[in-house]
Amino acid sequence: MRALVVDDYDNMRARLKAALEQLGVETVEAANGYEALDQLRAAPVDLVFTDIVMPEMDGFELCEEIRHQPEWNSLPIVVVSTHYDTKYIVRALRLGADDYVPKPIDKDLVERVIARVTTPLATRT
Amino acid sequence: MPDSRSAHAETMLVKSEHLDRLLLLAGEVIVASSNQEQTYRSLQSLLEKGAAVDRDTVDSAKDLSATTAIISSDLHRLVQAIRTVSLKDVSFRARRLVRDIARKTGKQVAFEVIGEDTPVDKSIIERLYDPIAHQLRNAVDHGIEDALTRERAGKPPEGRVTLRAYNTERDTFIEIEDDGAGVDFEALRQKAIEMGRLAPDAVLTEEDGLRLMCAPGISTSNAVSQTSGRGVGMDVVFSSISELGGTVSCKTERGRGSTFTLQVPLVSAVNIVDALVVRAGKYLLAFPLNNVVASISVAREDVKTTFGRGRSVDYLGRLLTLHDLGQILDGSVTSIEGDNVPILIVEHKTTRIAFVVSEFFSPQKLVIIPFEGSVQVEGLAGSTVLGGKQLGFIADVPMLLALVDGHRSLADRESLESAGQSAQAEGTSVDWSSAMDEEEGDAESVRPETASTPPPTTDLEENAESAREFLAELEKMAPDLNEAVFVLESNPGDPAQLNIAFRLFHTIKGNFIMMGLPKAGETVHAVESVLDNARSGQIAFTPEAMDVLMDGVSYVEDLVRRAKAGDWEDRPGAELIEHAGALMPKPSGDGRAAQDAAVSDIVLSHEAAYRANMHRKRQTPLYQCYIEFNAGLQPPFLVACLIYKRLCEAGDILGTSPPLQDVEDGVMEGQFKLLLASDWEPDRLEAAVTALLTRHYGAQAVNITRFK
């Protein structure tokens, strides 16, 4: 499994990256929305972890951009943020995020969230 | 929005320990080149004495030493320049401080900073802030009068405080000027007499007054206020400036104001010193030339022994007490050999003393190797390597003077001492010097061990390491933060700066949380929320909001400072959270009501009711799903939203209870109901939903019933 980690903050990226690698997830990194889109175009990933507050293009815009592309329509997006205001959560989920993980990173939660967003509800029949 | 990243792109972060090392090496190069010059000079003198030395060799040695001298001094200047930072960081903090004190004391103060771009060596600047802050506090609290008093005195109601910085060839000058009441020397005199520090009839010159102000425990403030007047401080200002090799002076006029000038050498961090090397018994000691008055040789019989005062020597008509370096350093006595006694006279400020030594050597450039970490040797500034790889020590003259004087170096004893003596003669006063000795003794005995709470996560060394990394990150943000505060102060509500400040606080919050300081994170979050609401226009950026921002910066700085000192206690800023909370917009929905409605009936919107009707017509079954879950680390509201989103995969959700769109502040218990229209086969729906929610969303109860 390959995940894209988007955060403007090296230290945060490193923490998440370390947690993901311990879970056997390969990572690529980006420091803002633009870089993230470049990475996605360069090589497909199975999962995106993104911060919200970033310079240039923030996490909200990134969610929007990703959902605008048909081929990335079902690409799971997990927001990683210290923001827990209702409006942030609602906005992120409306714009297409699939889950929302608090900082600091909890490895068990990350593991759970990966399992969640990659598990479909079930097939209809 | 100005992009702060591009500005950073051209600079590079360098560990300051590397710079220190670089400076040390540059120093070694200079010393090496000075040795080279000496080699050339001895060759030259050999040549002049007619020794068989090749003239060409001497000439090329001369060229070589000249070239190396130029290169090494260029190198040294460059390293110094690298270590130079502007005073901006200090001036930003100073602005906040003045504003804060003015607010607390209810005074009107216009504060101006002149010359904040003045470059100062990094190691100096770190030690300049506290003295500056102290003087500013004094200027506002003691200097500036309240508006009424000022108007009565015919002054504008708003006081003026100016922080002015400039460099001369050799020194950095910091002036703190106020147009307040000036120092009340009469009150000072009275106070000193009261405390037995001055004879009742003593005349106080301005210079004496300044010295008195620096004596511990003296303050002319009538009231001990929150900000100043506790009689500690001026002495600390003096000693910290003097540690930097600088001086403090004061000009003051009753009713017109005061100017305190802190003067520190431009390059006090420089580790090279021109010094005179002497031997005193077994010690080789280097005295910085700027402290050396003279090296003289006195006939043994001219050394006078005065009863009770020990030995003294006459120098230019003044009797100087003769001290023994060996005795000061380790109690040994420097024996006097021969008929002539070599005597070294040194001074600091206006105090001169004489040391008996064993032998003089020629002056030379030396590299000061500071003592490692906590090792401090009284009277010595560091060690040095002398020619021939001999280890020597660099004398710290101000400290030596303090040691022989029995108190801190700064008060020139002579005038005060005589005042004390005459007072003593009249039996009205305690002895000045013994009072000072006690002071010193106390200071020594109460010096606390730095209370060192290790980072809370030290059970894993890796965590401690990362906590320190986050701390370092925080320190790097200080200039940007101060800049944002500065711009916002002159231009409140500037959207770009609000954004920057918001982002910075956001990052700081993250860092505190990562450092294992959740309460600090919460405090910073309160400030961040105010900024967030201000930038989105939800609240106005009022002066109160500015105060919250400033207090927020102070809070962060304080925490960083303490963490650096090893104190990792997670202290919340309760007052700050409260102030920030008062500024926040009132939530439109009532969270409590929503919570109470947790298991009440689902209310459908008009639009949802219409959709429900459509489903009925198409005979799509409706299900009421009751879900209880444990949200774990995520807020229950979020998990409810996630479940909502997932169940959309099975059909159309018509409504929830509590209605998620109304849960304004996210308050919600781990239970909710939703109404789902789904054409999935009922058993399959129940099995799939139960499995997914139980396994992945912490569901503890999933109850799906067909809804009629």
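In what follows, chains are A, B, ... by sequence order, proteins preceding strands, each numbered from 1.
When the heavy atoms of residues 88-98 of chain A are compared with those of chain B, the residues falling under 4.5 Å are A:Y88, A:I89, A:V90, A:L93, A:G96, A:A97, A:D98, listed by number.
By the 4.5 Å heavy-atom criterion applied to side chains, A:T82 and B:H525 are not counted as neighbours.
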I'd like to know whether A:V6 forms a side chain to side chain contact (heavy atoms under 4.5 Å, CB included) with A:D51, so could you lay out the CA-CA distance, the side-chain angles of the two residues, the decisive distance to 0.1 Å, and finally the verdict.
CA-CA 6 Å; A:V6 194; A:D51 182 24; 5.9 Å; no
Report the C-alpha separation of A:I77 and A:R67 in whole Å, then their side-chain angles, then the decisive distance to 0.1 Å, and conclude whether the side chain to side chain contact (heavy atoms under 4.5 Å, CB included) test is met.
CA-CA 10 Å; A:I77 304 175; A:R67 292 297 175 239; 3.5 Å; yes
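Comparing B:L692, B:L633, B:L642 by heavy-atom pairs within less than 4.5 Å of chain A, the highest count is held by B:L642.
No more than 12 heavy atoms of other residues, nucleotides or ligands shown are found within 6.0 angstrom of CZ on B:R695.
Between B:E522 and B:K519, no side-chain nitrogen of the basic residue sits less than 4.0 Å from a carboxylate oxygen of the acidic one, so the salt-bridge criterion is not met. With respect to A:K103 and A:D7, a salt bridge is recorded, a charged nitrogen being found less than 4.0 Å from a carboxylate O. Between A:K107 and A:E111, no side-chain nitrogen of the basic residue sits less than 4.0 Å from a carboxylate oxygen of the acidic one, so the salt-bridge criterion is not met.
The contact between B:F502 and chain A is made entirely by side chain atoms (from C-beta outward), counting heavy-atom distances below 4.5 Å. In this structure, chain B has no heavy atom under 4.5 Å from any part of A:D108.
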